[in-house]
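Given the structure is predicted, the values throughout are model-derived calculations rather than measurements. The analysis underlying the following values was restricted to heavy atoms, covering all of them including side chains, and did not include hydrogens, waters or symmetry mates.
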Amino acid sequence: MKSKRGTAHLFVLGDMVGPDRDCNALLSRLRQPKRGDLQPNCIYGWWEEQLLAEHGYRGDQKPEAFDRDNAAITMQKLREAVNVDHLNWLASLQFGFVELDCGLIHGSSADVGDQLLETTSPLILLDRLTRLDVNRLFTARSGRQFHLQLNGGTIQSKVKDHAGEEQQEHTVPKRGVIGIGSGANYTLYDPASDHIEFLSVSGRSGRFSLGFG
């Protein structure tokens with residue numbers, strides 16, 4: 001990140017914790033950045049939601065079902081991976097951000113566990129964008145890097161009631177859904193030029209882009 005000149009803001013879209021690693025060093029770094037670090041803007045993800053539900057931070061909500069054979073072991077590993085000192089901070093995090101015409105959410109505007117993929121229906125993508133009234137939706141839940149573009153067009157529908165049938169036509173603006181990746185992968189976005197760059201700490205650069213008319 002430091003090698004990329006002009007990077008102004010850092011957004012971390014959840015799943016900072018998980019059952020497969022000790023998460024405390026990362027959480028401490030995010031809460032107390034080192035000199036020269038970008039100030040991280042963090043939201044909670046699906047794993048944070050399970051951990052907070054397990055510790056009673058979500059009222060009567062219970063963690064979602066894991067694989068039945070390993071559910072208890074997975075939850076035990078998750079509890080052991082995060083010191084309780086971090087729980088209040090995790091509980092203070094927001095569901096998402098809206099910056100300029102961009103929405104940044106772990107899953108989608110429908111749910112923190114909602115996975116948007118390259119194969120997701122354009123109508124579902126449009127619904128998730130419309131809920132936030134944004135033109136760009138950045139999501140991390142799938143762990144994949146992709147850029148799905150809704151290139152405008154129209155949606156035709158028919159409404160039938162006692163007065164008869166009415167045909168309606170709605171204009172669809174140009175909008176996009178961006179999967180930012182996870183783990184070693186990250187995404188840079190320039191709102192001035194609308195340029196998206198998919199990167200990895202290993203130095204790999206790639207781009208998956210698909211448009212819908």
Check: Taking it one step at a time, do V112 and I105 satisfy side-chain contact (heavy atoms from CB on, under 4.5 Å)?
Finding: CA-CA 8 Å; V112 69; I105 294 181; over 6 Å; no

Note to self: One pair to check against side-chain hydrogen bond (donor to acceptor under 3.5 Å, both in side chains): D85 and N83. What are the steps and the verdict?
What the structure shows: CA-CA 5 Å; D85 296 344; N83 290 341; 5.3 Å; no

Margin query: Taking the side chain as everything from C-beta on, heavy atoms only, tell me whether W47 gets closer than 4.5 Å to M16.
Written below: no

Notebook entry, point to check: Will you find, in the side chains of H86 and R31, an N or O donor that is under 3.5 Å from an N or O acceptor?
Noted result: yes

Note to self: Could you go through N185 and R144, starting from their C-alpha distance and side-chain angles, then the distance that decides it, and tell me whether this counts as side-chain contact (heavy atoms from CB on, under 4.5 Å)?
What the structure shows: CA-CA 9 Å; N185 300 321; R144 300 174 65 84; over 6 Å; no

Check: What is the ring orientation for F11 with H9, classed by angle as parallel under 30°, tilted 30 to 60°, or perpendicular over 60°?
Finding: tilted

Next item on the list: Would you give the length of the straight line joining atom CG of L137 to atom CG of L126, rounded to the nearest 0.5 angstrom?
Entry: 11.5 Å

Notebook entry, point to check: Is there a donor-acceptor pair under 3.5 Å between the side chain of S28 and the backbone N or O of A25?
Noted result: no

Check: Can you tell which of Q50, E54, E49 makes a side-chain hydrogen bond (donor to acceptor under 3.5 Å, both in side chains) with Q61?
Finding: E49

Margin query: Does R58 qualify as a cation-pi partner of Y44, given the criterion of NZ or CZ under 6.0 Å from the six-membered ring centre and within 45 degrees of its axis?
Written below: yes

Checklist line | Note: D114-R128 ion pair, threshold 4.0 Å (strictly below) | finding: yes

Margin query: Please determine whether side-chain hydrogen bond (donor to acceptor under 3.5 Å, both in side chains) holds for the pair D127 and T130, giving the CA-CA distance in whole Å, both sets of side-chain angles, and the decisive distance to 0.1 Å.
Written below: CA-CA 5 Å; D127 171 76; T130 303; over 6 Å; no

Item checked: Heavy-atom pair with the smallest gap, counting every atom of Q145 and L199 -> NE2-O, 3.4 Å

Margin query: Using 0.5 Å steps for rounding, measure from the CZ atom of F138 to the CG atom of L116.
Written below: 13.0 Å

